[in-house]
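Predicted model, so just to flag it, every value in this text is computed and none were measured. In what follows, chains carry the letters A, B, and so on, assigned in the order in which the sequence lines appear, proteins first and then strands, with residues in each chain numbered from 1.
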Number of protein chains: 2
Amino acid sequence: MERFKIGELTIEAGRTILMQGAQSPQFYTVLRGQGLRHKTLENGRRQVISFVLPGDLVGLQAVVTGEMQHSVEASVETTLCVFDRAGLWDLFSNQPKRSYSLTWLSAVEENFLGETLATLGQRDASQRIAWALVRLHERLSALGMARSGRVPLPWRQQDLADAVGLSLVHTNKTLARLRESGLADWSGGGLSLPGRRELAEMAGIDLEYPTQRPLL
Amino acid sequence: MERFKIGELTIEAGRTILMQGAQSPQFYTVLRGQGLRHKTLENGRRQVISFVLPGDLVGLQAVVTGEMQHSVEASVETTLCVFDRAGLWDLFSNQPKRSYSLTWLSAVEENFLGETLATLGQRDASQRIAWALVRLHERLSALGMARSGRVPLPWRQQDLADAVGLSLVHTNKTLARLRESGLADWSGGGLSLPGRRELAEMAGIDLEYPTQRPLL
DNA sequence: CGCTTCTTTGACCCTTATCAATGGCTGTGG
DNA sequence: CCACAGCCATTGATAAGGGTCAAAGAAGCG
């Protein structure tokens, strides 16, 4: 793999990694950090497509499609592993295992987007929030980023709102309700879920589903 | 490619191709026909993930992830090209070009899901409907399935409603408004868009974006 | 020709968006 | 060290978009 790796890149918090509309000669893998993908519509509204965590692939779209259809930004300082567009072809030619992993990642991501779609399309406000919190907590825990049940959640309420398709105000009020009922505590950039089970049930999530991801 | 192709499979209208929760030793490519992917939630509600058209890949998810997270059904008689799970590995080992196409397809699909997400999250009812109609018309036309501007749309209003996250009733009323204003005419299983430009503008779609797809 | 499935329409109301302010925290400069 | 600016969270009031319910047409089908 080292052969295809050009180098590492560290991006400071708040900076854009890839811009919607941009072409990119490179794509990345996240080594450390957290970020988000988002898309800006013509009407000025913003949709957060997904939250980006270590192990995620970023920018393959631009390499393959020619142009990014969404932006990716770092929410905290983030370190990326850089690969070259040209290397991608080498990869497919000489590293069937690795290219398979790549497709694997794509398929899992696609799968997750399908679930997100179902959430936006068919669940009400509290279910959406519960769903997002449980999934985030789950993924971050699986990455070993939990410290006594608390995982880092460096995003703003506005980001979550844009992710689940709710207004900031309503997101805030829904979060407040969850906090009061002792199910979820998101504060100071950290999240813990004392009522993980209840939240999962509320959102209609099957907890026994450990969606694994391969590393490149 | 023929080496990996096991055979062809024809499914009659209304039948399920792949069931949510099922494992599948095969995956498919659509040769002819139309269908839809949908996901059923615990609360009984249904989300249509996407509409399936010729050239689409179906069931790669089950091969890669182990289990389908959504169902796929044929809306009209549909012919599939069948590939074997084992063949997939051969493909990656010996056909870099083809495996690249596979990833390509995945990436494009992922991209499209992102746009769908933005639609459900950030657009109102008429924008969603307009978006869906324009996109469907666009893809079907690109596939050469248009006859004097009219493309086959064999789905029910309920399917469209479940795709864009609206109720059947509201979808119906929104469609009625579009019909009265002469922008779109969906009837008798066919769709024509006299007001394609206006609809695209209403939905905030960039029409100059011909999302191409490779064939396997 | 009766049955089922799908579309259409009207009435009512609930969830969520929007608007508008206030409060809290942090960093910066005087 | 305090005042001020900026960003984000919080809260209340009001309104609207879309959901739900219910029932009546249409249309395909055995």
Side-chain angles (χ1 to χ4, degrees), chain A residues 12-15 36 41 43-48 73 75-76 119-133 153-181 184-191 202-203, chain B residues 12-15 36 41 43-48 73 75-77 119-133 152-181 184-191 202-203:
Chain A
E12 58 181 317
R15 293 266 177 244
L36 49 79
L41 302 191
N43 58 23
R45 306 191 52 147
R46 185 184 80 140
Q47 173 70 35
V48 169
E73 64 174 64
S75 304
V76 299
T119 297
L120 295 216
Q122 311 300 333
R123 299 200 237 247
D124 67 21
S126 34
Q127 293 178 319
R128 293 188 206 186
I129 301 285
W131 174 85
L133 294 184
L153 221 69
W155 297 286
R156 299 167 304 158
Q157 293 188 357
Q158 181 72 65
D159 295 323
L160 178 59
D162 288 346
V164 297
L166 294 172
S167 71
L168 169 62
V169 173
H170 201 64
T171 298
N172 178 287
K173 289 175 180 169
T174 305
L175 280 170
R177 240 173 290 126
L178 291 182
R179 193 178 315 124
E180 282 157 22
S181 57
D185 171 44
W186 177 19
S187 58
L191 169 72
M202 173 186 304
Chain B
E12 57 181 316
R15 293 264 177 246
L36 49 80
L41 302 192
N43 58 22
R45 306 189 53 148
R46 185 184 79 141
Q47 174 69 36
V48 169
E73 64 175 64
S75 304
V76 298
E77 183 178 287
T119 298
L120 296 216
Q122 310 300 334
R123 299 199 237 247
D124 68 21
S126 35
Q127 293 177 319
R128 293 189 205 186
I129 301 285
W131 174 84
L133 294 184
L153 220 69
W155 297 286
R156 297 168 304 158
Q157 293 189 358
Q158 181 72 65
D159 296 322
L160 178 58
D162 288 346
V164 297
L166 294 172
S167 72
L168 170 60
V169 173
H170 200 65
T171 299
N172 177 286
K173 289 174 180 169
T174 306
L175 281 169
R177 238 172 292 124
L178 291 182
R179 194 178 314 124
E180 282 156 23
S181 57
D185 171 43
W186 177 19
S187 57
L191 170 72
M202 174 186 304

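Using a 4.0 Å cut-off, no side-chain N or O of N172(B) falls inside it from OP1 or OP2 of dT7(C).
Q122(B) places no side-chain N or O within 3.5 Å of a backbone atom of G165(A) that could act as its donor or acceptor partner. Formation of a donor-acceptor pair under 3.5 Å by the Q127(B) side chain with backbone atoms of D124(B) is found in this model.
Residues passing the side-chain hydrogen bond (donor to acceptor under 3.5 Å, both in side chains) test with W155(A) are S75(A), sequence neighbours excluded. For D185(B), the salt bridge (charged side-chain N to carboxylate O under 4.0 Å, His left out) partners at least two apart in sequence or on another chain are R150(B). Looking at residues two or more places apart in sequence or on another chain, you find a side chain to side chain contact (heavy atoms under 4.5 Å, CB included) between A184(B) and L133(B), L178(B), L193(B), L199(B). Judged as a salt bridge (charged side-chain N to carboxylate O under 4.0 Å, His left out), and not counting sequence neighbours, R128(B) has no contacts. Scored by the salt bridge (charged side-chain N to carboxylate O under 4.0 Å, His left out) test, R156(A) finds D159(A) as partners (sequence neighbours excluded). Under the side-chain hydrogen bond (donor to acceptor under 3.5 Å, both in side chains) criterion, N172(A) pairs with Q157(A), not counting sequence neighbours. Checked against side chain to side chain contact (heavy atoms under 4.5 Å, CB included), A161(A) has the following partners two or more places apart in sequence or in another chain: Q158(A), T171(A). Partners of E12(B) under the side-chain hydrogen bond (donor to acceptor under 3.5 Å, both in side chains) rule, at least two apart in sequence or in another chain, are R15(B).
In the helix from dC1(C)-dG30(D) to dG30(C)-dC1(D), the end axes, each obtained as the rotation axis mapping the C1' atoms of four pairs onto the next four within a five-pair block, lie 30° apart to the nearest 10 degrees.
Of the residues in residues 153-162 of chain A, not one comes within less than 4.0 Å of DNA chain C through any heavy atom.
With a 4.5 Å cut-off on side-chain heavy atoms, L36(A) and D162(A) do not count as touching. The shortest side-chain heavy-atom distance between L153(A) and L160(A) does not fall under the 4.5 Å cut-off.
With a heavy-atom cut-off of 4.0 Å to chain A, the contacted part of DNA chain D has its first and last nucleotide at dC8(D) to dA13(D).
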Summary of protein contacts for nucleotides 15-21 of chain C, nucleotide by nucleotide, where a base hit scores B, a sugar-phosphate-only hit scores S (4.0 Å, heavy atoms): -BSBB--
